[in-house]
Amino acid sequence: MIYRTHLNKEIDEKLVGEEVMLAGWVKTIRNLGGLAFIDLRDHGDIVQLFFSDAKAVSNLSPEDVISIKGKVRLREKANPQLKSGKVEVVVTSLTLLSEAKTTPLIIDDATDALEDTRLKYRYLDLRRPIMQHNLKVRAQIVKAVHEYLDAHDFTEIETPLLCLSTPEGARDFLVPSRINKGAFYALPQSPQIFKQLLMIGGLERYYQIAKCLRDEDLRSDRQPEFTQIDIETSFMDEEEILTLTEGLLAKIFQDVAHKKISLPLRRIPYAEAISRYGSDKPDTRFGLEIKALDSLFEDSEFTLFKTVECIRGFIVPNYAHILTRKVLDSLNLEAKKFSPHGLIALKYENGTLLGSITKFLSEEKIEEIIQTLELKNDDVLILGGGDYYKVSFMLGAIRKQLGDELSLYDKNVDDLLWVTEFPLFEKRDDGTFTSSHHPFTRPSEATIQYLKSQPEKVLSSAYDIVINGYEAGGGSLRIYNQDVQKQVFTILGLSEEDIARKFGFFVEAFDYGTPPHGGLAFGLERLTMILCHTDNIRDVIAFPKNLRGVDMMSNAPRPVDPKQLEELGIKID
């Protein structure tokens with residue numbers, strides 16, 4: 001049986017007078033007594049069907065699947081919202097292919113269903129045009145990646161999904177071995193080790209659309225399984241890698257969003273990003289830049305400011321009337337997640353500086369603050385005091401929240417930049433060090449001299465691509481010198497036994513001639529989120545998990561048959 005001769009998106013004025021067959025889902029039925037209309041939906045568009053006899057649709061319901069035959073004609077009144085909006089199909093025959101029960105959610109861009117309902121009935125949620133659009137954008141990004149990297153002599157290579165557990169970073173998902181009882185594989189957090197081994201293997205230019213799995217706490221832009229656009233190269237320096245990547249981004253934005261981005265992209269060192277924006281993924285589409293305010297407040301009578309490491313803040317112009325006590329209290333709850341002291345707000349209204357700490361400031365000091373910061377009526381000064389990084393990240397989070405809630409930027413403008421020169425190590429409270437990225441990140445040439453004497457001063461040859469305040473991807477040059485790698489392992493407190501157990505086969509490979517290499521990975525879902533203008537990663541994944549890591553549709557994870565556990569040699573207490 002032939003179900004269709006055309007897709008809905010192909011129905012236009014050029015087909016007027018021709019007979020066509022269409023198939024799809026009944027979106028809406030409008031029974032006008034003697035005649036009737038149906039909006040027929042397929043994966044590409046909606047076409048209006050006309051029935052001269054309303055009895056023909058009397059047994060139909062929304063979401064029934066039908067096939068029709070009819071002739072295309074011009075509509076009396078065009079619908080500019082549809083690609084096919086200038087025409088309709090006069091139906092001469094109709095076949096009901098499948099009946100549908102009343103759906104538990106509205107099948108439209110706007111739906112009243114809760115997210116758990118959408119996830120439970122995901123196969124229905126996927127019929128919504130906005131969801132189909134998002135998944136098509138994702139596919140278009142992947143297509144652009146293939147075209148660009150294939151043209152630049154890259155080879156697509158798959159790496160294993162069953163690998164060795166190397167507990168660095170997030171927790172691994174473990175897979176028990178039935179054949180080797182008591183032993184476990186791990187699912188890959190990323191292809192990091194394998195792609196570096198491919199460079200040692202002489203492949204030189206590798207890429208992969210790679211599935212990654214991490215057992216970590218979830219949020220709106222994080223899932224336990226996600227996809228990376230993974231890239232690794234040999235014999236390319238940082239400048240060449242960034243230039244190559246910018247070309248890929250330009251193609252993605254041009255092909256998918258039909259936007260031209262200006263190259264080369266801006267580059268902001270990590271220290272500057274923290275200093276000015278309080279974030280290593282700054283959104284620079286709006287101001288509210290953070291400034292050091294120690295000299296203005298350190299000699300005040302306010303006790304907190306006498307004891308803290310630094311005092312920092314930023315001005316929100318013209319919003320004092322919007323930032324009420326209730327709003328500021330809400331912001332302070334968010335601020336205390338980053339810094340125990342929270343934030344302090346001072347409003348400048350009608351020539352007076354208002355706020356809880358003004359009673360600790362002399363009139364001269366208040367005037368100095370107003371003049372130095374050039375405060376204007378209706379301005380708000382957001383302040384924080386404490387540890388430099390905690391205060392900076394706190395102010396950065398509040399800055400981002402205000403930027404979103406006050407609509408301080410143009411959502412049609414995309415902001416792309418590189419953040420570079422990250423610290424190679426992070427110092428723990430006990431004085432030991434951990435890797436800022438991973439233990440194979442190469443120290444920068446300008447700071448490698450401090451590796452033995454002052455590790456905290458060593459910067460990395462690492463780089464993150466930031467788009468509209470999201471970390472869309474990142475990478476680094478890799479260590480290829482065994483002596484440097486051993487020094488890094490020593491700083492991280494790894495013994496010879498630790499190294500052999502966690503990275504033995506990997507470290508051994510470096511003894512056989514290792515090229516200088518580096519690479520990066522994009523989060524495919526993050527990139528799709530950005531281009532689809534959504535802040536929920538579940539909107540760009542066909543079958544995602546909820547915030548509890550549960551697949552609401554299949555009810556995974558759930559207990560398995562005890563016999564399966566017995567075969568694996570596993571006992572659940």
**Request:** Walk me through it: do F154 and H152 pass the test ring-ring contact (aromatic ring centres under 6.0 Å, His included)?
**Result:** CA-CA 6 Å; F154 279 76; H152 283 77; 7.3 Å; no
**Asked** Passes side-chain contact (heavy atoms from CB on, under 4.5 Å), Y148 versus D255? Steps please.
**Response** CA-CA 11 Å; Y148 182 84; D255 289 4; over 6 Å; no
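At a threshold of 4.0 Å, the pair D125-R128 counts as salt-bridged, since one of the basic side-chain nitrogens sits closer than that to a carboxylate oxygen. Taking the charged nitrogens against the carboxylate oxygens, K9 and D42 have no contact shorter than 4.0 Å, which rules out a salt bridge. A salt bridge does not link R267 to E272: none of the charged nitrogens lies less than 4.0 Å from a carboxylate oxygen. Using a 4.0 Å cut-off between a side-chain N of Lys or Arg and a carboxylate O of Asp or Glu, K545 and E225 qualify as a salt bridge. Using a 4.0 Å cut-off between charged side-chain N and carboxylate O, R118 and D539 make a salt bridge.
Among all heavy-atom pairs drawn from L395 and G313, the shortest one is CD1-N, 3.7 Å. Nearest heavy-atom pair, E232 versus L520, reported as atom, atom and distance to 0.1 Å: OE1-N, 4.5 Å. Here the closest non-hydrogen pair linking P282 and D280 is CD-C, 3.4 Å. Nearest heavy-atom pair, A257 versus L531, reported as atom, atom and distance to 0.1 Å: CB-CD2, 4.0 Å. Scanning both residues, S392 and I290, for their nearest heavy atoms gives O-CD1, 4.1 Å.
A donor and an acceptor atom, one from each side chain of Q228 and D230, are located under 3.5 Å apart. Checking Y470 against D535 by side-chain atom types alone, no donor-acceptor pair falls below 3.5 Å.
With values rounded to the nearest 0.5 angstrom, L424 atom CG is found 6.5 Å from S436 atom OG. D415 CG to L417 CG: the interatomic distance, rounded to the nearest 0.5 Å, is 5.5 Å. Note that CG of L265 is 9.0 Å distant from CG of L242, once rounded to the nearest 0.5 Å. In this structure, OG1 in T420 is found 11.5 Å from OH in Y463, a value given to the nearest 0.5 Å.
Between F440 and F506, the ring planes lie perpendicular to each other; the angle is over 60°, past the 30° to 60° tilted range.
Remark: K120 NZ is loosely packed, at most 12 non-hydrogen atoms of other residues, nucleotides or ligands lying under 6.0 Å away. Counting heavy-atom neighbours within 6.0 Å of Q401 CD, excluding the residue itself, gives a total above 12. For K251, the NZ atom is densely surrounded, since the number of other residues' heavy atoms within 6.0 Å is greater than 12. By the 6.0 Å contact criterion, CG on N536 is enclosed, its count of non-hydrogen atoms from other residues, nucleotides or ligands being greater than 12. Environment of CZ in F37: crowded, with over 12 heavy atoms of neighbouring residues, nucleotides or ligands closer than 6.0 Å. The local environment of CD in E158 is sparse, with at most 12 non-hydrogen atoms from other residues, nucleotides or ligands closer than 6.0 Å. Counting non-hydrogen atoms of other residues, nucleotides and ligands closer than 6.0 Å to NZ of K259 gives a total above 12. Environment of CZ in F173: crowded, with over 12 heavy atoms of neighbouring residues, nucleotides or ligands closer than 6.0 Å.
Put simply, the side chain of D172 never gets that close to the backbone of S165: no donor and acceptor are under 3.5 Å apart. Between the side chain of S279 and the backbone N or O of G396, no donor-acceptor pair lies under 3.5 Å. With hydrogens and angles ignored, the 3.5 Å screen pairs no side-chain donor or acceptor of E471 with any backbone N or O of D464. At distances below 3.5 Å, not a single donor-acceptor pair connects side-chain atoms of S476 with backbone N or O atoms of R478. A side-chain donor-acceptor contact under 3.5 Å links T111 to the backbone of I106. E240 places a side-chain N or O within 3.5 Å of a backbone atom of D237 that can act as its donor or acceptor partner. Distance alone, capped at 3.5 Å, is enough to place a donor-acceptor pair between the N8 side chain and the L40 backbone. Between the S460 side chain and the F422 main chain, a donor and an acceptor come within less than 3.5 Å of each other. A distance-only check finds no donor-acceptor pair linking the side chain of E246 to the backbone of L263 [under 3.5 Å]. Counting only distance, with no hydrogens or angles, the side chain of T28 and the backbone of P62 share no donor-acceptor pair below 3.5 Å.
Side-chain atoms of Y277 and L288, non-hydrogen and from C-beta on, never get closer than 4.5 Å to each other. Using a 4.5 Å cut-off on side-chain heavy atoms (C-beta onward), Y3 and L97 make contact. Inter-residue side-chain proximity for I322 and V316 is flagged as unmet; no heavy-atom pair is nearer than 4.5 Å. P516 is listed as a side-chain neighbour of R442, based on a closest heavy-atom distance under 4.5 Å. Considering only heavy atoms from C-beta on, R75 comes within 4.5 Å of L82 through its side chain. Two residues are said to be in side-chain contact when any heavy atoms from C-beta on lie closer than 4.5 Å; D116 and R548 meet this criterion. Contact check for K195 versus Q208: no side-chain heavy atoms found under the 4.5 Å cut-off. Side-chain contact between R214 and S190: present, with at least one pair of heavy atoms (C-beta onward) separated by less than 4.5 Å.
Paired with E525 under the rule side-chain hydrogen bond (donor to acceptor under 3.5 Å, both in side chains), one option of Q223, R222, R138 passes, and it is R138.
For the side chain to side chain contact (heavy atoms under 4.5 Å, CB included) test, residues two or more places apart in sequence or in another chain that qualify with S61 are D64. Y409 pairs by the side chain to side chain contact (heavy atoms under 4.5 Å, CB included) definition with D283, R285, F286, D404, K411, not counting sequence neighbours.
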